[in-house]
Structure formats: structure tokens, C-alpha cells
Protein chains: 2
Amino acid sequence: MTSTSIKLSAIKTACKTCSLHDLCLPLGLDLGDIERLDEIVKRSRPLHKSEYLFNSGEKFTSIYAVRSGSIKTFTESEQGDEQITGLYLPGELIGLDAIHDNQHPCSAIALETTSLCELPFDSLEELSSQIPELHRQLFRIMSKEIAGDQSLLMLMAQKSADERLAAFLVNLSSRLKARNFSETEFNLTMSRKDIGNYLGLTIETISRTFSRFQSEGLLSTQRKYVNIHKLGELKELAGITDHCTTPDCPSKTA
Amino acid sequence: MTSTSIKLSAIKTACKTCSLHDLCLPLGLDLGDIERLDEIVKRSRPLHKSEYLFNSGEKFTSIYAVRSGSIKTFTESEQGDEQITGLYLPGELIGLDAIHDNQHPCSAIALETTSLCELPFDSLEELSSQIPELHRQLFRIMSKEIAGDQSLLMLMAQKSADERLAAFLVNLSSRLKARNFSETEFNLTMSRKDIGNYLGLTIETISRTFSRFQSEGLLSTQRKYVNIHKLGELKELAGITDHCTTPDCPSKTA
DNA sequence: TGATTGTTTTGATTTAAATCAAGGAAACAA
DNA sequence: TTGTTTCCTTGATTTAAATCAAAACAATCA
């Protein structure tokens, strides 16, 4: 009985059988190397909605990969303004911003029931010095995060409320599609308030913009549920180059 | 004669004698490892003001470290809006955002006469898999870049024009101080237009804000020259936590 | 079940920064 | 030197989004 349950949990954590394989750390690794990666992955109980994964200021020990669900990260300034810095979907890595000074500059909260793979950074670092392809993939992922933040900066600095919300939706849609979810019908896991904060806008502006998009027939919403009717027009509004810089992003190949 | 000039240039590129040692890649390496790093560094002629280091879309081959001078990086969207994404001072690394898809997502231009160290990425990657401390330092630098971009995001999303310009100046001041320049007297290498673009504001707003800071006695300016009279007040305006996340940043230890 | 709390929508008003406009000061070239 | 271009400053006006305000709607809980 005990051995069965161990085996079951082992199967569950196995990178080699994980459907997120190509969106996550194992991309490009051969089977033997994936098995070595599997050995350092720790799996704990899923987080419930609103549970913290870590808190700003905490000591950095591990990188986390989202297995299912979603996570938001946010920083708080000394004046108390909160800024959401990231929304992480399955296959994406959390905590890369904490490496440089060994503590988390942001907090991370589950937006829904979320399970994660924990990768102790010391082990990961050691393993990556033995597996060049893992090393390379880690660099790629970090580089992508930098490039993604830079597109977000452009969004904030140069774009109107309409363009920002459109870009947010198009980006989300692309990433969901890459994960085999519908690209036109999905649930926002963030509240209007969170979306506004993320995009540098107020909740009222987000709400009004959604209403206008709806009256223009671009999409329809019921609270968190979104149905995009005219993805093409939305992409155009977003400036086609949505701020998704993932290699798996459909808009890149289109 | 020939051997002399070769020797001279070898001395000039030597990381082990470089004053930027602790702000750059060699931080934490022992002498032998620094010498190995020195072997892969390529040094070319300095760039003149307004010369391109690389262009958006170009194939990625190397990371560049600024030796002297300064560089700005910027992306251009399909609609033609330009967004400055970075201002790089001596000891800082350019091109980390290009690793993930092997091409530069941004262009890089010299803001003044600027000399650089070129680090071919293939060699750097190979070397870093042999030198764990170099590997770690690379991760730290990339992580710092991510964290820095995230503070910039907060700046753009939540802060007023005053706060943004103050934060920009305080950040620049800290980084200059870490490089043994004056923290209160310096030349902006970016134009008002560039500063505005970087901070998501217009040139007129930057100009007016500088004028007001001046009339309030916070600083004085003559074109690019800036003299900060009340750094403390400026820091307070910036929210104390300036968006400098470098470990060498004085505000961290203060 | 109703009471309480939190979230979203919509409307009226204000405001910070953008835009429009024009003059002045440096930098640069012929 | 003078003309040309680029950059910066300052003023007047407009505007997009914030703020203030209130009601409608969901969700949660006793």
C-alpha cells in the first residue's frame, strides 16, 4: 500500500510524462537527463486560492514551476502601493527574480487551486552545470522573462487603456492556446482590480473598457468568464505584436 | 613593436586589472578563473556617439559589457512607437534579452563614445559550465535585470511624473556612485526626449518637472549637466526604494 | 433564509499629463 | 561668419484616465 502510493506520487511528479514538457524546463533534454531532473523535483500539497507560495523578503531557496492553476506575483513599495509583476500559467517558472540577492523581492499568491513543482535552486544549479542543455534552457527562460518584462514596459509607457487591455487578453489567449486550452473562451483568474493594477489602470477603467469591447462586439463577458468573438480585431488593437515572447506563442508563427 | 601593441591591448582588456571588476562578470571569481574569462573577451574599437552596437532583429552572438561610456537599448513596435528599455553604465551587461530566441529584440546605440568588452555567448556558456562561480554570477546578473525591470514597471504603473523623474535621478546617482563618480554632479547622457520615453512621459513634462525641481532648490541643471542639491529629499520623493536593485547600490546598505 | 462583505458596473466630476504652439539656446555645417 | 537643425523651455488648451459616488450584483456565512 505504502509502496503503491509512493509510486503514484512519483508518476505524478514525473517530468517525463508531464504534458507541459515542452513549455517548461525539460524542453530539449533527452530522457536520461529528464530523469535526473525528476529526482530533484519536490512536490507538495496544492495551494488553495489566496494561499501564499512565498512572501516578499523571504529567503530564496527554490524555483517553482506551475503544474496546474495560476499564480500572481506582486511587490509592495514602502509607500504601500502594490504592483502585480507577473501572472504565471502552467509550465512557467516563478522566483527567477530572487536569485541575485537570495531573497524574494515579491510575494506570490495562488489565484485558484494550484499545484506546483518545487526545484531547490542549489540542486538545480548543480545539475545544470552537468547538463549543458538544461543550463541553456534555464538561460533561455530567464532571457524570455527579461524580454517579456520589456514588452510590458512598452505597453505601460506608450499604450492607451484600450490597447493595454487588448494586449493583455491577446497575450493570455496565446498562452492558453499553447497549453491546449481554448484561445477564445476562458476564465480570468485575476479580478478586475488585479488586471487594472497589472496594467497600470484603475478598476473602473478596466470595467468600462470591457463594457465597450462588449458593446462593440469584440467579446462578451460574465464576471470572470470571457468569450472573445473577434480575436483578429483584438490583436490588431493590441498592436499585433502582443507582448508574448514565448517561442511557443502562436502569434510568432502566424 | 607589434608585440608591444599586442601586449598593450591585452593589458587593456584584462578583467583582472579592470576597475569594474566587482560590478561586472568577474565578481567572486579567483584569479585563475578570471584569466580564463579574459581569454574569451574580445575588444574592438570604441563606438562613437550614435553608433549602433546591434540592431533589432540581428542574430545574437555575444553579450557585451560596457567598459566606459553608456549605451541605450530600445525596441520599436509595429506601429512605430519606440520604447527605450535600458540605460547601461560601465560594468553592466547588454544582450541578455536575446538569448532565448537567438536574435536581438532591441537595438543598442552608444549615447557617447563608448568602449565595450564582447563576450561570445557560446564560449561564455561553455566556460560557465566549467566555472560554477561564473555560472552563478551570470544567473545573478540576469536575475537582477528581471528584478530591475519589475521595479521599473511599478514606477510606470503607479507613480506620478515627479516620482518617476526623481526615481530615475536617484537610481542614476546610486549607480554612478558605485562606479566612483560623483553621486550629486553628473551629465545626463540621455536627452530629455529619451528620458521621457524611458519613463513613459513626454519631453515637455520632463522639462517642466526639471524646472520645478530647480525652483524648489532640489537640483540645478544646465542642459545635460545636473547638480543635485538635496539628494535626501529627492530620494524621499522617489520613494526611498529607488528602482536600483544592484547589490552594489548604496541605497541598499544605507 | 437573510445579513454581510466584496466585486463590478455606471455616472458625474476632476486632474495630471498630453497635445498644440511658439520662441530661445546650443550644436553643427557650410 | 551665418544659416540650419536639433534640443529645450514655457504657455495655453485639451483629453484620457483618475477620482468620487452610488447602486447592482455575487459570494459567503451565520
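Lettering of chains follows the sequences in order, A, B, ..., and the numbering in each one begins at 1.
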- For the helix from C:dT1-D:dA30 to C:dA22-D:dT9, measure the angle between the helix axis at one end and the axis at the other, each built from five pairs, rounding to 10°. 40°
What residues, two or more places apart in sequence or in another chain, satisfy side-chain contact (heavy atoms from CB on, under 4.5 Å) together with [X]?
{"X": "A:Ser143", "result": "B:Ile99, B:His100, B:Met142"}
{"X": "A:Ser207", "result": "none"}
{"X": "B:Ser220", "result": "B:Gln214, B:Asn227, B:His229"}
{"X": "A:Cys24", "result": "A:Pro26, A:Ala65, A:Leu93"}

Send over the distance from [X] [atom1] to [N] [atom2], rounded to a whole Å.
{"X": "B:Asp194", "N": "D:dC7", "atom1": "CG", "atom2": "P", "answer": "9 Å"}
{"X": "A:Asn197", "N": "C:dT7", "atom1": "CG", "atom2": "P", "answer": "13 Å"}
{"X": "B:Met190", "N": "D:dT6", "atom1": "CE", "atom2": "P", "answer": "20 Å"}
{"X": "A:Lys193", "N": "C:dT7", "atom1": "NZ", "atom2": "P", "answer": "7 Å"}
{"X": "B:Arg192", "N": "C:dA27", "atom1": "CZ", "atom2": "C1'", "answer": "15 Å"}
{"X": "A:His48", "N": "D:dT28", "atom1": "NE2", "atom2": "C1'", "answer": "17 Å"}

- Message: Checking B:Glu51 now: which residues fulfil salt bridge (charged side-chain N to carboxylate O under 4.0 Å, His left out) with it, not counting sequence neighbours?
- Response: B:Arg45
- Query: What nucleic acid atoms does B:Ser207 come within less than 4.0 Å of, heavy atoms only: base, sugar-phosphate, or nothing?
  - Reply: base
- Exercise: do B:Ser68 and B:Ser115 side chains pair donor with acceptor under 3.5 Å: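 Yes.
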- Message: Do B:Tyr225 and B:Glu185 pair up side chain to side chain, a donor and an acceptor below 3.5 Å, judged on atom types alone?
- Response: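 Yes - a donor-acceptor pair under 3.5 Å links their side chains.
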In a table with atom names and distances, give each donor-acceptor pair under 3.5 Å that connects a side chain of residues 56-64 of chain B to protein atoms at least two apart or in another chain.
{"from": "B:Glu58", "atom 1": "OE2", "to": "B:Asn55", "atom 2": "N", "distance (Å)": "3.2"}
{"from": "B:Ser62", "atom 1": "OG", "to": "B:Glu118", "atom 2": "OE2", "distance (Å)": "2.7"}

- Task: Can you run down the salt bridge (charged side-chain N to carboxylate O under 4.0 Å, His left out) pairs that involve residues 213-224 of chain A, sequence neighbours left out, and say none if there aren't any?
- Result: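 Residue pairs with at least one partner in residues 213-224 of chain A: there are none.
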- Message: Suppose the criterion is salt bridge (charged side-chain N to carboxylate O under 4.0 Å, His left out): which pairs have a residue in residues 200-210 of chain B, not counting sequence neighbours?
- Response: none
- Once each nucleotide of nucleotides 13-19 of chain C is scored for protein heavy atoms under 4.0 Å, what B/S/- sequence comes out, 5' to 3'? ----SSB
Could you go through nucleotides 28-30 of chain C and list every protein N or O atom that sits under 3.5 Å from one of its N or O atoms, giving the distance for each pair?
none

- Kindly give the heavy-atom pair with the smallest separation between B:Leu199 and B:Arg164, and that separation in Å. O-NH1, 2.8 Å
- Task: Pull out every residue in residues 210-227 of chain A that has a heavy atom closer than 4.0 Å to any atom of DNA chain C, ordered by number, or say none.
- Result: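 Heavy-atom contacts with DNA chain C come from A:Ser211, A:Arg223, A:Lys224.
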- Looking only at atom types and distance, does a side-chain atom of B:Arg67 sit under 3.5 Å from a main-chain N or O of B:Gly91, one as donor and one as acceptor? no
- So, B:Ser173 side chain and B:Glu183 main chain: donor-acceptor pair closer than 3.5 Å or not?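 A pair under 3.5 Å: yes.
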